[in-house]
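Please read all numbers here as calculations on a predicted model, not as lab measurements.
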Amino acid sequence: MRRLAILLSLILLITTQMFSQITVSGKVSDESGQEIPGVSVNVKGSSIGTVTDIKGEYKISVRDEKAVLVYSFVGMKTEEVKVKRQTVINVVLKDDVVELEECLSIGYAPQKKSTFTGAVSRVMYGSSSGIMIRGQASVAYDQAFNTESYAGISENGYKQVTKEPLSTFSVDVDRASYTNIRRFLNQGQLPPEGSVRVEEMINYFNYDYKQPTNEHPFAVGSELATCPWNDEHYLLKVGLKGKEIEKDNLPPSNLVFLIDVSGSMGASNKLPLLKSSFRLLVNELREDDYVSIVVYAGAAGLVLEPTSGANKKQILDALDRLQSGGSTAGGAGLKLAYATAKEHFVEDGNNRIILATDGDFNVGQSSNASMEDLVAKERDNGIFMTVLGFGMGNYKDDRMEIIADKGNGNYAYIDNLQEAQKTLVSEFGGTLFTIAKDVKFQIEFNPQKVLAYRLIGYENRLLNDEDFNDDTKDAGEIGAGHTVTALYEIIPQGAKDAKEWVKSVDKLKYQKKQTRRNVETNDEWLTLKLRYKQPDGSKSQLMTYAIKGEVDEFKSASDDFRFAASVAGFGMLLSESKYTGNLNYDEIINMAKASRGEDEDGFKAEMIRLIKTAKSLDEQLTMLND
């Protein structure tokens, strides 16, 4: 009887706890009523949590009415709300404004942006302290709060076809620039110089390209229409679609999680977000996938021997135990990660290091050149690299871009758990499984049809023309299911504004002048050539396509074409391009709205919201300049 009474008591207790659970839903917005995606919603004192979706909405279960929900978002004041008996809780977050102590107003230089990012989490307009949104040094601030670094970008200009008929570049499937820009705009700041890479913004979005139907691992398509920001010009879109592979058919993985646990990773949007992100990835692993964990701070160490994806609890427990502290021995961490990957190398498998860091390598083998040499060497041994960036304030975008590019991998910036879901779950195959490496474009323009051209973006991916046929030259990689898009702005023969963009030079004394008469007449606009290698191959394969036909009106072009153009326009305005013509934020908003098409996850709608934010910030900057 006593055992029966105890059993009944336990059943009653469990039943009471089950029925006392409360499901709370609601929306999080700012003071203007605009919804905020990516807000962390956690049950205070527990590990239970979620994030708001693209509409700022959330749903979470709590154990009882005494629970307290904590709402937090970078750049905004944290709010705590007692559940009581509420099933719907809508929250308004307020800007967390930090005024700078020393501020000088000495004028703005509109063509140059400063690179401060971390000292102020939200910009306060009209402040007596004169806080700068962007511009030359019109604000004095403590540089110790911000050491972010970005590689310089020199925007591609027009090339005259008779002088430079070939355009050669490496593909780029990195998407870090877009999410980093999103971080700045969500904090109330325009992005700094060097952070805007237009091709990464365009390639952040997936497009409805056709799957490959032949022996090649990707399909190629193109589209030509009038340019929306210059009526005299045309816009060319070239798109690649990587072969999609079902997860069960992907090769087994030997993954090494290389995790930065230095003192700089202590912030909530660094190591805590990193651990939550990797939990999502671990849930995707299969029995024949193996994971090792290497960490580095003042020194590097192996904290998890290779463990099957079937033992998810063991992997998750190792992640949960990680804590931040110490300096950053990034070089030592890379060496140990490669040694671990080589020791457990899987033939015909996916051998890959996943580096997660804020990029602040400041102890040991830390120079960009030495990191590049190490990663390039091991790439040739079949160990590829994926880089995930986290955090702000000391973020080293330039270093992480180099490591990913040289490691035959990709680079993403994780600013919230939704982005982790997109990168590590929804795009699992594209992020972690390479289907073609060293993918190069080379386009030859026909001078009978094209006077000049300019490649939009890809400034850090340009190759010499002779590199196209050189199989020893490294280039970009494409993952399973990835799409890659490139845009060219074309000045056709007969354009009325040609003299504005194509400058003349003195006649050459020793060279025979190339003229339109020297070229055989045909109706082709250009010839597109691609080279690629199999993931384990050393000899490239060639694909060639001639592009011809009528030029569509922009309004008649596909949704993919018009949306990609709107993203490019957004990037051009953010980077203060001199080629924007008559473009403005309102026009970009209208272009994006009209071409959204299917937007199941809401990422395109989110971009429209970001364009509106950028417009508001730009208007505030104009007011300050006036």
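- For Ala480, the side chain to side chain contact (heavy atoms under 4.5 Å, CB included) test picks out Ile245, Ile435, with sequence neighbours left out.
- For the salt bridge (charged side-chain N to carboxylate O under 4.0 Å, His left out) test, residues two or more places apart in sequence or in another chain that qualify with Lys406 are Glu372.
- Heavy atoms of other residues, nucleotides or ligands lying less than 6.0 angstrom from CG of Asp348 number 12 at most.
- Salt bridge status for Lys422 with Glu427: present, with a side-chain N to carboxylate O gap under 4.0 Å.
- For Phe169, the ring-ring contact (aromatic ring centres under 6.0 Å, His included) partners at least two apart in sequence or on another chain are Phe441, Tyr458.
- Salt-bridge check for Glu419 with Arg182: passed, with a basic side-chain N closer than 4.0 Å to an acidic carboxylate O.
- The six-membered or imidazole ring of Tyr207 lies away from that of Phe561, with a centre-to-centre distance of 6.0 Å or more.
- Seen from the ring of Trp525, Lys449 counts as a face-on cation partner, given the 6.0 Å and 45° thresholds.
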Cut-off 3.5 Å, no hydrogens considered: what does the side-chain donor-acceptor table look like for residues 218-227, sequence neighbours left out?
residue	atom	partner	partner atom	Å
Glu223	OE1	Ser558	OG	2.8
Glu223	OE2	Ser558	N	2.9
Glu223	OE2	Ser558	OG	3.3
Thr226	OG1	Phe554	N	2.8

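- For the pair Lys396 and Tyr150, the cation-pi test (distance below 6.0 Å, angle within 45°) is failed.
- A ring-centre distance under 6.0 Å is found for Tyr178 and Phe205.
- Screening residues 559-574 for salt bridge (Lys or Arg N to Asp or Glu O under 4.0 Å), with sequence neighbours left out, gives Asp559-Arg562.
- In this structure, CG on Leu336 lies 8.0 Å from CG on Leu258, to the nearest 0.5 angstrom.
- Side-chain N or O atoms of Asp260 include one that pairs as donor or acceptor with a backbone N or O of Ser262 at under 3.5 Å.
- Salt-bridge formation is not detected for the pair Lys247/Asp289: no Lys NZ or Arg NE/NH1/NH2 atom is positioned less than 4.0 Å from an Asp or Glu carboxylate oxygen.
- Salt bridge present: Asp358 and Lys270 bring a charged side-chain N and a carboxylate O closer than 4.0 Å.
- Under the side chain to side chain donor-acceptor pair (under 3.5 Å) criterion, Lys533 pairs with Asp438, not counting sequence neighbours.
- Evaluation of the side chain to side chain donor-acceptor pair (under 3.5 Å) rule for His216 yields Tyr532 as partners, not counting sequence neighbours.
- For Ser149, the side chain to side chain donor-acceptor pair (under 3.5 Å) partners at least two apart in sequence or on another chain are Asp398.
- Between the side chains of Glu489 and Tyr158, at least one donor N or O lies within less than 3.5 Å of an accepting N or O.
- Taking Glu246 as the reference, Asn249 meet the side chain to side chain contact (heavy atoms under 4.5 Å, CB included) condition, with sequence neighbours excluded.
- Applying the salt bridge (charged side-chain N to carboxylate O under 4.0 Å, His left out) rule to Asp471 yields no partners; only residues at least two apart in sequence or on another chain are considered.
- For the pair Glu477 and Lys440, the salt-bridge criterion is not met [side-chain N within less than 4.0 Å of a carboxylate O].
- A salt bridge links Arg461 with Asp405: at least one charged nitrogen is closer than 4.0 Å to a carboxylate oxygen.
- Taking the six-membered ring wherever Trp is involved, the centroid distance between the rings of Tyr395 and Phe390 does not fall below 6.0 Å.
- Taking the side chain to side chain donor-acceptor pair (under 3.5 Å) definition, one finds that Asn381 meets it with Glu378, sequence neighbours left out.
- By the ring-ring contact (aromatic ring centres under 6.0 Å, His included) test, Phe428 pairs with Phe433, sequence neighbours left out.
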